[in-house]
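In what follows, a structure is listed as structure tokens, so that the remarks can point back to it.
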Amino acid sequence: MAAGPGYSRLLGSHYDLADSIHATNPGDSVIGDHATRPWGSWTVLDEGAGFKVKRISVAPAQRLSYQTHEHRAEHWTVVAGRATCVIDDSVLVLRSGESVRVDIGQAHRITNEEDEVLVLIEVQLGAYCEEDDICRLQDDYGREASVTQ
């Protein structure tokens with residue numbers, strides 16, 4: 001795969017990656033967006049028509065809500081740590097370099113049962129890849145059950 005203009009200077013952090021991607025796609029203002037959540041954080045690395053790519057960090061002994069999405073599938077690849085993934089009540093443990101796909105409508109959750117930070121790359125695929133496409137089925141932090149519009 002050929003890299004576009006600006007990709008040859010990617011040498012630093014994921015924030016440098018976001019800057020480089022933004023330079024090649026000037027209209028994409030969300031690249032580099034970052035949010036802290038009770039379980040850890042996420043950073044948008046890239047976004048385009050029908051996809052979004054995030055770096056997700058999950059703190060030790062924390063987990064995301066058990067949730068579904070109406071408009072997107074997700075593909076998770078672990079890059080550091082070990083993820084305990086629940087997909088439609090089936091448990092799968094992923095280590096660095098391993099991945100799994102979550103289809104549209106499947107209930108899912110990521111848990112970090114380890115003592116080190118879990119880092120994964122999430123690729124969202126679908127017609128709508130925004131934060132309000134979440135139907136929370138269970139949440140450890142008392143957040144709203146459904147934010148899907």
Side-chain angles (χ1 to χ4, degrees), residues 1 3 7 10-22 24-25 28-149:
M1 181 171 114
Y7 282 90
L10 295 179
L11 300 173
S13 72
H14 63 278
Y15 294 107
D16 291 336
L17 173 62
D19 290 344
S20 294
I21 293 170
H22 181 66
T24 61
N25 300 296
D28 292 341
S29 61
V30 299
I31 294 171
D33 279 359
H34 179 85
T36 301
R37 298 289 188 252
W39 45 260
S41 65
W42 56 257
T43 302
V44 175
L45 302 178
D46 196 3
E47 182 178 35
F51 77 94
K52 184 180 286 187
V53 180
K54 288 183 176 179
R55 178 187 192 274
I56 296 177
S57 297
V58 184
Q62 299 298 312
R63 64 185 184 174
L64 284 68
S65 59
Y66 193 50
Q67 62 190 11
T68 62
H69 305 292
E70 290 184 18
H71 305 286
R72 70 176 188 248
E74 296 178 343
H75 186 95
W76 303 329
T77 300
V78 175
V79 296
R82 188 173 82 159
T84 301
C85 306
V86 177
I87 302 170
D88 281 341
D89 295 319
S90 295
V91 178
L92 177 66
V93 177
L94 300 177
R95 290 173 175 75
S96 184
E98 297 179 329
S99 63
V100 66
R101 179 184 167 93
V102 179
D103 289 323
I104 294 173
Q106 282 190 300
H108 59 280
R109 153 180 274 159
I110 299 168
T111 301
N112 182 1
E113 297 178 349
E114 305 302 311
D115 295 331
E116 302 293 326
V117 173
L118 164 65
V119 180
L120 58 107
I121 301 300
E122 175 183 83
V123 178
Q124 302 174 358
L125 300 166
Y128 187 75
C129 297
E130 298 302 326
E131 288 302 300
D132 59 355
D133 181 25
I134 297 174
C135 178
R136 288 194 181 95
L137 306 173
Q138 195 280 325
D139 184 69
D140 295 346
Y141 311 103
R143 294 177 295 175
E144 186 177 317
S146 179
V147 292
T148 303
Q149 292 183 353

Does any part of the side chain of [Y], heavy atoms only, come nearer than 4.5 Å to the side chain of [X], both counted from C-beta?
{"X": "Glu130", "Y": "Lys52", "answer": "yes"}
{"X": "Ile121", "Y": "Arg55", "answer": "yes"}
{"X": "Ser41", "Y": "His34", "answer": "yes"}
{"X": "Arg37", "Y": "Arg143", "answer": "yes"}
{"X": "Leu118", "Y": "Ile110", "answer": "yes"}
{"X": "Gln138", "Y": "Asp140", "answer": "yes"}
{"X": "Asp89", "Y": "Tyr66", "answer": "yes"}
{"X": "Val93", "Y": "Cys85", "answer": "no"}

Any sub-3.5 Å donor-acceptor pair from [X]'s side-chain atoms to [Y]'s backbone N or O?
{"X": "Arg82", "Y": "Glu116", "value": "no"}
{"X": "Asp88", "Y": "Ala107", "value": "yes"}
{"X": "Ser96", "Y": "Val79", "value": "yes"}
{"X": "Arg109", "Y": "Leu64", "value": "yes"}
{"X": "Tyr141", "Y": "Ser65", "value": "no"}
{"X": "Lys54", "Y": "Trp42", "value": "no"}

His108 vs His69 aromatic rings, parallel, tilted or perpendicular, using cut-offs 30° and 60°? tilted
I need the [X] [atom1] to [Y] [atom2] distance, nearest 0.5 Å.
{"X": "His75", "Y": "Ser99", "atom1": "NE2", "atom2": "OG", "result": "3.5 Å"}
{"X": "Thr68", "Y": "His71", "atom1": "OG1", "atom2": "NE2", "result": "10.0 Å"}
{"X": "Ile56", "Y": "Glu74", "atom1": "CD1", "atom2": "CD", "result": "7.0 Å"}
{"X": "Arg63", "Y": "Thr84", "atom1": "CZ", "atom2": "OG1", "result": "10.5 Å"}

Specify the closest pair of heavy atoms between Gln62 and Pro38, including all atoms of both residues, with the distance to one decimal. OE1-O, 3.9 Å
Closest non-hydrogen atom pair, Arg95 against Val78: O-CB, 3.6 Å
